[in-house]
Amino acid sequence: MADLAHASDPVEIDQVIIRFAGDSGDGMQLTGDRFTSASAVFGNDLSTLPEFPAEIRAPAGTLAGVSAFQVHISDHDITTPGDAPAVLVAMNPAALRSELHHLVDGGTVIVNTDAFEERNLTKAGYRSDPLTDGTLDRYKVYEVPMTSLTKDAVAPLGVKPRDAERSKNFFALGLVSWMYTRPTEPTLTWIDEKFSKNPQVAAANRAAFATGHAFGETAELFENSYAVRPAEHAPGTYTNITGNTALAWGLVAAGQLAKLPVFLGGYPITPASDILHELSKHKNFGIRTLQAEDEIAGIGAALGAAFGGHLAVTTTSGPGIALKSETMGLAVSLELPLLIVDIQRGGPSTGLPTKTEQADLLQAMYGRHGESPIPIVASYSPSQCFDAAIEAARIALKYRTPVLLLSDGYLANGSEPWRLPEVGDLPDISVELATEPNHTDAAGEPEFWPYLRDPLTMARPWAIPGTPGLEHRIGGIEKEDGTGNISYDPANHEHMVHVRAQKVAGIANDIPAVEVLGDVDDAELLVIGWGSTWGAIDGAVNRCRRRGRRAAHAPLVHLNPFPANPGQVLRRYPRVVVPELNLGQLSRLLRAEYLVDARSVAKVQGVPFTAGELEAAFLKEMDQ
């Protein structure tokens with residue numbers, strides 16, 4: 001089916017932010033995802049913010065059940081899903097009430113009027129109809145009976161009324177696709193492939209999509225359609241990717257680069273489960289996945305796989321890190337490579353399972369008994385999760401240590417265009433397994449010492465169980481350095497504690513220095529951040545600079561150990577602020593480590609910073 005035609009030339013704009021919202025059963029995540037995919041195919045730069053209800057299935061039509069998806073598309077480089085949408089598509093009264101405050105003044109509201117009946121208004125907490133009581137006077141409102149138009153469109157196909165109603169999200173997608181001149185072919189092709197086993201459902205969704213598109217073109221409600229030109233991208237092959245998918249692909253690539261089989265032992269937990277799902281699809285790359293009975297079993301199986309010579313991974317979120325902590329300590333003692341992936345979410349306890357947060361940093365640093373240092377790598381954008389996974393694997397394999405890889409719900413579910421790397425540009429992270437004895441006993445006979453260290457990395461040898469002549473024991477009780485024999489000697493224990501700490505500290509010489517961006521030489525303010533705050537910080541710093549203020553940004557990827565130069569960088573600037581989605585955890589670490597006045601900008605609302613929020617905070621700090 002050819003792309004549907006447009007009645008008149010669209011008005012060109014450089015960007016738009018659209019927010020789809022409806023009941024959790026209305027398919028808003030799918031609608032946003034399909035609009036995003038079509039925009040990626042078209043060549044726009046983009047960034048997304050899916051927002052899920054905290055309850056698995058809240059009562060239909062209630063505020064607790066509202067699901068939203070915000071997408072920012074542009075003809076230029078962007079790093080955030082936008083401060084506030086210009087367009088809100090509200091499928092019912094609850095969606096309107098829950099999401100209207102996000103909309104810019106004078107923005108566009110598209111409502112499904114069929115849902116604005118008295119029962120739904122009451123469930124949403126409205127005392128009167130917002131479509132007629134002046135609530136929307138500040139906005140441009142388009143009232144569209146999406147449900148009834150969808151039912152009429154699919155009726156000739158013999159679809160049951162209830163099933164027909166489920167297609168109304170495709171009506172909304174068709175309408176907004178017309179408004180912003182999205183290519184239609186990617187969506188129609190996707191419908192055919194997704195519902196190939198149910199032709200009637202496929203036909204209904206195609207009909208709903210086409211009807212929504214035609215409604216925009218023919219209803220004469222809309223003054224214009226709009227066009228956002230493709231952005232300029234470096235040459236290459238691109239795909240639209242979420243953080244969890246990028247991280248999973250990074251683990252696949254790491255296994256190939258390391259020339260090792262990959263094993264993931266995990267337990268389903270929001271928002272990390274997608275990594276397990278994605279990796280389970282790639283058995284052809286030597287990937288093995290285990291959905292264990294609980295978090296402890298997942299990491300235990302992974303640690304066993306590491307002992308057996310695999311690139312071993314376990315994935316979880318904050319509550320799972322708490323459960324895995326004892327086995328993480330065991331991995332520190334065994335000195336085996338193990339990746340622990342923490343997709344952070346709101347806490348404590350069950351907290352806000354579908355919302356984002358960065359509050360696991362101190363847990364990652366110190367959340368184990370005894371002196372048990374673990375390197376920490378943090379991803380900072382959805383596509384960079386790929387590189388972060390490879391870097392975490394490199395450190396784990398080279399230094400024979402567990403490594404914590406931090407992402408969060410915002411990165412995990414958000415998406416952006418990603419240029420597929422050339423395989424030849426990826427690092428070689430292969431590792432030599434021990435195959436020969438490495439020591440001679442008093443009688444001159446060769447033997448294997450499992451804790452005889454590489455003088456450069458302080459890593460112990462990695463011998464696969466069953467290798468002839470390399471039989472050895474490992475376990476959680478303290479070992480004698482070199483021999484690996486159980487040792488209760490106080491001096492040896494202190495020595496081993498220092499050795500493990502020095503090994504991790506030495507990684508600072510093997511990671512890039514902190515890079516300062518922006519007004520490097522004369523900034524009034526240095527902003528230092530980590531993880532998913534990167535996009536909003538970058539946008540806010542650039543806004544401040546356009547105002548004529550001098551500002552710089554230093555993003556951190558390696559959080560333990562820190563790179564070699566943060567102390568020098570921090571002391572160069574008169575003011576330092578640290579934006580975080582917690583109560584100031586990195587700022588505490590920086591203040592303790594470097595004795596600088598690193599001031600916290602904190603937010604713990606389950607949603608990421610906007611660039612506008614941070615711009616205001618930075619200007620306030622510079623004006624003090």
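Computed from heavy atoms alone, side chains included, the values below leave out hydrogens, waters and symmetry copies. Quick caveat, the model's predicted, so the values are computed rather than measured.
- Residues satisfying the side-chain contact (heavy atoms from CB on, under 4.5 Å) criterion with K324, sequence neighbours excluded, are E295, I299, T314, T316, M328.
- With sequence neighbours excluded, no residue forms a side chain to side chain donor-acceptor pair (under 3.5 Å) with D360.
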Set out, in order, the CA-CA distance, both residues' side-chain angles and the distance that settles side-chain hydrogen bond (donor to acceptor under 3.5 Å, both in side chains) for Q344 and D342, then state yes or no.
CA-CA 6 Å; Q344 300 165 94; D342 178 6; 5.5 Å; no

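- No side-chain heavy atom of V176 sits under 4.5 Å from any side-chain heavy atom of V87.
- For the residue pair R34/S37, the side-chain donor-acceptor check at 3.5 Å is satisfied.
- Partners of P353 under the side-chain contact (heavy atoms from CB on, under 4.5 Å) rule, at least two apart in sequence or in another chain, are R345, T350.
- Counting only N and O atoms by type, the side chains of T48 and S415 include a donor and acceptor under 3.5 Å apart.
- Residue R229 qualifies as open at atom CZ: its count of foreign heavy atoms under 6.0 Å is 12 or below.
- Here CG of N413 is found 9.5 Å from CD1 of I343. Values are rounded to the nearest 0.5 Å.
- With hydrogens and angles disregarded, a donor-acceptor distance shorter than 3.5 Å links the side chain of T354 to the backbone of P53.
- Separation of atoms CD (Q384) and OG (S532) is listed at 11.5 Å; rounding is to 0.5 Å.
- Of the N and O atoms on the side chains of T245 and T242, at least one donor lies less than 3.5 Å from an acceptor on the other residue.
- For the pair S317 (side chain) and I269 (backbone), a donor-acceptor distance under 3.5 Å is absent.
- N582 and R588 are not linked by any side-chain donor-acceptor pair at a separation below 3.5 angstrom, with hydrogens and angles left out of the test.
- Side-chain polar atoms of R599 and S587 form no donor-acceptor pair below 3.5 angstrom.
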Could you please spell out the steps behind the salt bridge (Lys or Arg N to Asp or Glu O under 4.0 Å) verdict for D26 and R166?
CA-CA 7 Å; D26 284 340; R166 291 174 179 167; over 6 Å; no

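- Sequence neighbours left out, the pairs with a member in residues 12-71 that pass ring pair (Phe, Tyr, Trp, His ring centres under 6.0 Å) are F20-F35.
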Give every donor-acceptor pair under 3.5 Å between a side-chain atom in residues 94-104 and any protein atom, sequence neighbours left out.
{"from": "R97", "atom 1": "NE", "to": "A124", "atom 2": "O", "distance (Å)": "3.1"}
{"from": "E99", "atom 1": "OE1", "to": "R19", "atom 2": "NE", "distance (Å)": "2.6"}
{"from": "E99", "atom 1": "OE1", "to": "R19", "atom 2": "NH2", "distance (Å)": "2.9"}
{"from": "H101", "atom 1": "ND1", "to": "S98", "atom 2": "O", "distance (Å)": "3.1"}

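- Using modelled atom types and a 3.5 Å distance limit, the side chains of D133 and T135 yield a donor-acceptor pair.
- Salt bridge present: E615 and R547 bring a charged side-chain N and a carboxylate O closer than 4.0 Å.
- Within 6.0 Å of OH in Y267 there are 12 or fewer heavy atoms belonging to other residues, nucleotides or ligands.
- With sequence neighbours left out, the side-chain contact (heavy atoms from CB on, under 4.5 Å) criterion links I17 to Q70, H72, P85.
- Without hydrogens or angle criteria, N120 side chain to F116 main chain gives no donor-acceptor distance under 3.5 Å.
- Summarising the geometry, atom OG1 belonging to T211 is positioned 15.0 Å from atom NZ belonging to K168; distances are rounded to the nearest 0.5 Å.
- Using the six-membered ring where Trp is involved, F195 and F170 have ring planes that are perpendicular, over 60° apart on the 30 and 60° scheme.
- Between F222 and F215, the ring planes lie perpendicular to each other; the angle is over 60°, past the 30° to 60° tilted range.
- When only modelled atom types and interatomic distance are considered, S167 and N205 share a side-chain donor-acceptor pair under 3.5 Å.
- Looking only at distances, no side-chain donor or acceptor of E232 sits under 3.5 Å from a matching main-chain atom of D75.
- A salt bridge is absent between K620 and D623: the closest approach of a Lys/Arg side-chain nitrogen to an acidic carboxylate oxygen does not fall below 4.0 angstrom.
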